[in-house]
Amino acid sequence: MAKKKNNLILIIPAFLLMGVAIGIQTKELFKHTIVGLIVGVIVFFFLRYRNKRLNNK
């Protein structure tokens with residue numbers, strides 16, 4: 001079987017773009033962009049930690 005690529009880092013720009021889209025709709029672009037970036041980083045580190053724990057078992 002082919003090895004699956006680990007594209008976990010792509011979560012951060014995805015949350016950033018979601019924050020930008022919500023910010024455009026609510027007229028609070030900067031605030032929602034920052035929140036999207038922070039959430040993306042938190043989710044990235046959480047999933048990386050979870051994957052390391054699952055791979056060690």
Side-chain angles (χ1 to χ4, degrees):
M1 270 174 77
K3 185 177 178 183
K4 184 179 175 185
K5 286 187 175 183
N6 189 3
N7 290 329
L8 197 56
I9 194 73
L10 295 177
I11 292 235
I12 296 172
F15 275 96
L16 180 70
L17 290 175
M18 284 192 294
V20 169
I22 292 170
I24 289 172
Q25 292 175 359
T26 61
K27 306 284 192 269
E28 296 178 356
L29 181 65
F30 186 70
K31 180 176 131 184
H32 287 288
T33 302
I34 297 300
V35 169
L37 179 64
I38 292 169
V39 170
V41 170
I42 290 170
V43 169
F44 169 74
F45 283 117
F46 173 75
L47 289 176
R48 193 171 77 170
Y49 173 73
R50 185 195 62 144
N51 287 347
K52 283 184 181 180
R53 282 191 64 203
L54 289 176
N55 289 337
N56 288 336
K57 288 186 178 182

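We use all heavy atoms of the structure for the numbers below, so side chains are in, but hydrogens, waters and symmetry mates are not. When a residue number appears, it is its place in the shown sequence, counting from 1.
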Atom pairs and distances, donor-acceptor, side-chain atoms in residues 24-34, under 3.5 Å, two or more places apart:
from, atom 1, to, atom 2, distance (Å)
T26, OG1, I22, O, 3.0
T26, OG1, H32, NE2, 3.4
E28, OE1, K31, NZ, 3.2
T33, OG1, L29, O, 2.6

Would L17 and L10 show up in the same hydrophobic cluster when neighbours are defined by side-chain heavy atoms closer than 4.5 Å?
-> no
Is there a path from M18 to V20 through hydrophobic residues (I, L, V, M, F, W, Y) whose side chains come within less than 4.5 Å of each other?
->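 No, M18 and V20 fall in different hydrophobic clusters.
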Return each pair, listed once, that meets salt bridge (Lys or Arg N to Asp or Glu O under 4.0 Å) where at least one residue sits in residues 35-46; pairs must be two or more places apart or across chains.
-> none
Which side-chain N or O atoms in residues 40-55 pair as donor and acceptor under 3.5 Å with protein atoms at least two apart or in another chain?
from, atom 1, to, atom 2, distance (Å)
N51, ND2, L47, O, 3.4
N55, ND2, N51, O, 3.2

